[in-house]
Number of protein chains: 2
Amino acid sequence: MRFLHTGDWHIGKNLAGYNLLADQHATFQEIRKIAQDKQVDAVVIAGDLYDRTIPGEAAIQELTKELATLNIKEHLPVLAISGNHDSATRLGIGHQWFVNNDFYLNTNFSDAFHPINIKDTQFFLLPFFGLQEVRNYFADDHIQNINTAMQKIVTKMKESFDPQSQHVLVAHFFAAGSKRTAESETMIEVGGLSAVNTDILKDFEYVALGHLHNKNALHEERVRYSGSPMKLSVSEAPMEKGVWIVDTDPFEIQWVPLKPVHDIHVLEDSMDTLTNEQFAKNYAKDDYYAIKLTDREIIPDVMNRLRQYYPQILSLSRKYGFSDPKRHQQSTKTQLSPDKLFEDFFQQTIGTEMSAEQEKIMRKTLEEVMKEND
Amino acid sequence: MRFLHTGDWHIGKNLAGYNLLADQHATFQEIRKIAQDKQVDAVVIAGDLYDRTIPGEAAIQELTKELATLNIKEHLPVLAISGNHDSATRLGIGHQWFVNNDFYLNTNFSDAFHPINIKDTQFFLLPFFGLQEVRNYFADDHIQNINTAMQKIVTKMKESFDPQSQHVLVAHFFAAGSKRTAESETMIEVGGLSAVNTDILKDFEYVALGHLHNKNALHEERVRYSGSPMKLSVSEAPMEKGVWIVDTDPFEIQWVPLKPVHDIHVLEDSMDTLTNEQFAKNYAKDDYYAIKLTDREIIPDVMNRLRQYYPQILSLSRKYGFSDPKRHQQSTKTQLSPDKLFEDFFQQTIGTEMSAEQEKIMRKTLEEVMKEND
């Protein structure tokens, strides 16, 4: 059989305050198109469908619409698990009814041991889990780390292996050898304890992982992260996004890249270059930008001037710091007073010194804030 | 056909801090048993399945389990709508898949005009709505109140009436003539505007309403509230709870009462009587109690003493106020200082004056609270 492997959709995520829902919607239309073009037999989603345990209503509507289109309208079997960003309970609502339509959404640890059979393949859907769940399930308090846990889990799964079938594990954890590169992975540890050794997974013909957003996080033929289908943080700017198309027998794997709807660019250059018409016109106005200025001088009105060319700025920093020796001296001090820190921040982002009136407002506000912290 | 009419489940509701989930679970087991005994063809739930727009995970698990047992395990068709306490989006998750199993959960206004046909009956599922939704749907800004809105809605529904069928409306609103008696109905106005005149509903053979928790709120044969299946506030203490069993053709309606798992009692009596062993032993320790003392004197340690007989006290008040003229004088003042108010509250609930140490703690706490409010 042939399936599409994706994951880490993080629907509802905000990027530095920008709502990504429209981009996410467009991305999933592309994924659907790939599924059609490649005539896959199923779509596998390896966790983190939502960005938050209590997603907003718009995010719920978007995910439900995507899944309904894939599964109800296009009659594609869907296999999905919950990730660390999902609430197992909230994501799992309705799963009892979904199975009748070949939509297998597993958010319960204990259901991981009942494989789903589609064509020549047994899928084992292992949601994100905590060690205590494993201890409870096996009634074994001696399970102290993720590798002992996974060994028990795989041994138990193998009891249901049909030797005539292919065996695919869908899971959401940090696998050993994988490199943590994406800032947006806020919870890197699984159950508080290290990473899964991929040797434990060797009995599966393929392991479809979610958790890390970089498809190159692991260097193994049959244990792979799909990565997120969209760039979800500045650290993901250099990554190529896409989905895997996996054939089980004979085994074959193919990467299908997804073009970003609105790309994330990291621009490191001088203010003069960045605000040069010829330079700037190479960059789409509705893309996202992380800007590192190579200048060391204070630049008046810097944010507004940059926004004329790059309206969606995710971050602004100085590659080499500031030339002002006073400032330099200050910034090496480990303890600056809050008003000094704010003054520096103001100068750096607005590009001018504060007026007397502005300073007054700042002091008043700081006083109030300090009082609240008492 | 024969169906069971219930509503206002309010799963996840807390009663003065007491978690009702276990009682709600037991109540729904009773409802299921009634559905079996009466051999109904469907179960109608007229809104407010949850108590809150963002229900807790335990409430989600409870509702999903109940619905799955009714609909998947016992193969009973279920017809349900969202009420004002539900989030249409959150309650509606998965409804696209549920229909294949004869579970019709409508949380979308526009879907109210597609009747569900079960046996001899067309069910029109009208979720709780706001006037703006009606204006948008009919592209008519002149809809100024709930009656104009309902007239348009019923006229539109009648276009789909099959004259060979019975017609049942399931809705969640405040119907004229109904008496607002239950405190737990926090949002009494529908779309901000008055109540539906039941004349508008005369073309339906039956209207299964939710919103008010009293089955006797209306005095009409064919337009009825089921009321909540459990007492959900002290004001509901005198109400009999249960479900309607409705036969459509020939029309017949039958009330099946539900015995409270833990009843709510309002006790108006003297401290001496209430703490009399003989008196108290008539009252179950795990029931809920709203106590109005007829005494007018300060009673030391009143709450703890009452809790020995009635551990689950929902409220404690004085039927005739206090005899202390100083106190009486104080309580008629409209503006008491926070420390004075707290002193009174302390005396009334604990039954003694504050000690010097207690007063010191109170003053310190109040000072901190006041500072935060600045």
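To find a chain, count down the sequence lines: A is the first, B the second, and so on, and within it residues start at 1.
Counting all heavy atoms, side chain and backbone alike, B:V134 lies closest to B:I143 at CG1-CD1, 3.9 Å. Nearest heavy-atom pair across A:A149 and A:L131 is CB-CD2, 3.7 Å. Of all the heavy atoms in B:I45 and B:V170, the pair that sits closest is O-CG1, 4.4 Å. Annotation for A:S82 and A:H172: closest pair O-CB, 4.2 Å, computed over non-hydrogen atoms.
Note: B:F98 and A:F98 have parallel aromatic rings, judged against thresholds of 30 and 60 degrees for the angle between ring planes.
Against chain A, no residue from residues 17-25 of chain B qualifies, as none has a non-hydrogen atom under 4.5 angstrom away. For residues 101-113 of chain B, heavy-atom neighbours of chain A at less than 4.5 Å comprise B:N101, B:F103, sorted by residue number.
Between A:E367 and A:R363 no salt bridge is recorded (no basic side-chain N to carboxylate O distance below 4.0 Å). Checked for salt-bridge contact, A:D37 and A:K33 meet the test: a charged N lies under 4.0 Å from a carboxylate O. Taking a cutoff of 4.0 Å between a charged side-chain nitrogen and a carboxylate oxygen, A:K340 and A:E343 qualify as a salt bridge. A salt bridge is defined here as a Lys NZ or Arg NE, NH1 or NH2 lying under 4.0 Å from an Asp or Glu carboxylate O, and A:R135 with A:D140 fails to meet this definition.
Residue A:L63: no heavy atom, backbone or side chain, is found under 4.5 Å from chain B.
Note: B:F28 and B:W9 meet the aromatic proximity criterion, with ring centroids under 6.0 Å apart.
The choice from A:I93, A:T53, A:I72 that makes the most heavy-atom pairs within less than 4.5 Å of chain B is A:I72.
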